[in-house]
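On a predicted model such as this, the values are computed, not experimentally measured, just so you know. Start at 1 with the first residue, then count along the sequence.
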Amino acid sequence: MRILKYILAYLFWTLLCLFIGIGYMRLVLGANTVNEEGLGYLLHLFYDIGMIQVGLWVGSAIALCFVLLDIFYLRKKLKNNPKRTVIRLAVLLMITVLVSIVHYLLEKVIDVI
């Protein structure tokens with residue numbers, strides 16, 4: 001039963017990370033201003049698919065870092081802390097900032113992506 005509880009908790013955190021990744025890509029790409037009529041419909045569709053696909057990759061990177069950090073470090077340190085959810089959320093946001101900085105460096109500065 002305890003293992004199922006951990007699996008469900010990490011599933012929740014992973015879904016939250018994926019939504020944060022998609023939200024980050026929405027901030028980076030901006031609003032979709034392409035017209036939805038004619039050939040513009042394909043561009044509108046490509047924009048949405050690209051935002052979701054890249055956002056899921058960024059969210060997966062955030063989730064992997066967070067879950068590994070939580071399993072190996074945070075779970076032991078926050079065992080009897082009443083604010084463990086708030087601390088985990090703060091750590092998740094810090095990891096999001098680090099991943100976004102790495103994404104910016106790889107895309108704009110080094111021009112790898």
Identify the heavy atoms of [X] and [Y] that sit nearest to each other, and give their distance.
{"X": "L78", "Y": "R84", "value": "O-CD, 3.7 Å"}
{"X": "F66", "Y": "R88", "value": "CE1-O, 3.5 Å"}
{"X": "C17", "Y": "I62", "value": "SG-CG2, 3.8 Å"}
{"X": "V58", "Y": "G21", "value": "CG1-CA, 4.3 Å"}
{"X": "I52", "Y": "I22", "value": "O-CG1, 4.3 Å"}
{"X": "T14", "Y": "A63", "value": "CG2-CB, 4.0 Å"}

Query raised in the report: Can you check side-chain contact (heavy atoms from CB on, under 4.5 Å) on V97 and L93, steps first, answer last?
Result: CA-CA 6 Å; V97 168; L93 293 176; 5.7 Å; no
Distance check, rounded to the nearest 0.5 Å: [X] atom [atom1] versus [Y] atom [atom2]?
{"X": "L68", "Y": "L74", "atom1": "CG", "atom2": "CG", "value": "11.5 Å"}
{"X": "I71", "Y": "K76", "atom1": "CD1", "atom2": "NZ", "value": "10.5 Å"}
{"X": "I87", "Y": "N81", "atom1": "CD1", "atom2": "CG", "value": "4.0 Å"}
{"X": "L45", "Y": "N32", "atom1": "CG", "atom2": "CG", "value": "10.0 Å"}
{"X": "L43", "Y": "D48", "atom1": "CG", "atom2": "CG", "value": "11.0 Å"}

Query raised in the report: If you count the non-hydrogen atoms of other residues, nucleotides and ligands that lie under 6.0 Å from CD1 in I3, is the total more than 12?
Result: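 Counting other residues, nucleotides and ligands, CD1 of I3 stays at 12 neighbours or fewer.
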Is [Y] reachable from [X] through a run of I, L, V, M, F, W or Y residues, each pair having side-chain heavy atoms under 4.5 Å apart?
{"X": "L18", "Y": "M25", "result": "no"}
{"X": "L29", "Y": "L27", "result": "no"}
{"X": "F12", "Y": "L4", "result": "no"}
{"X": "L16", "Y": "M94", "result": "yes"}
{"X": "Y73", "Y": "L92", "result": "yes"}

Query raised in the report: With side chains defined as the heavy atoms from C-beta onward, is the minimum distance between Q53 and W57 less than 4.5 Å?
Result: yes
Query raised in the report: Is there side-chain contact between D70 and W13, with heavy atoms separated by less than 4.5 Å?
Result: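 Sidechains of W13 and D70: no contact.
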Report task. If the plane angle is over 60° it's perpendicular, under 30° parallel, otherwise tilted; pick one for Y24 and H103. Result -> perpendicular
Report task. Could you give me the CA-CA distance, side-chain angles and deciding distance for E107 and V112, then say whether side-chain contact (heavy atoms from CB on, under 4.5 Å) is met? Result -> CA-CA 6 Å; E107 185 176 4; V112 175; over 6 Å; no
Query - Donor-acceptor under 3.5 Å (R26 side chain, M51 main chain) - result: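 Answer holds: no.
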Query raised in the report: Does NZ or CZ of R75 come closer than 6.0 Å to the centre of the six-membered ring of Y6, within 45° of the ring's axis?
Result: yes
Query raised in the report: In this structure, which one of T96, V102, I95, I101 forms a side-chain contact (heavy atoms from CB on, under 4.5 Å) with V99?
Result: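 For V99, the side-chain contact (heavy atoms from CB on, under 4.5 Å) check succeeds only for I95.
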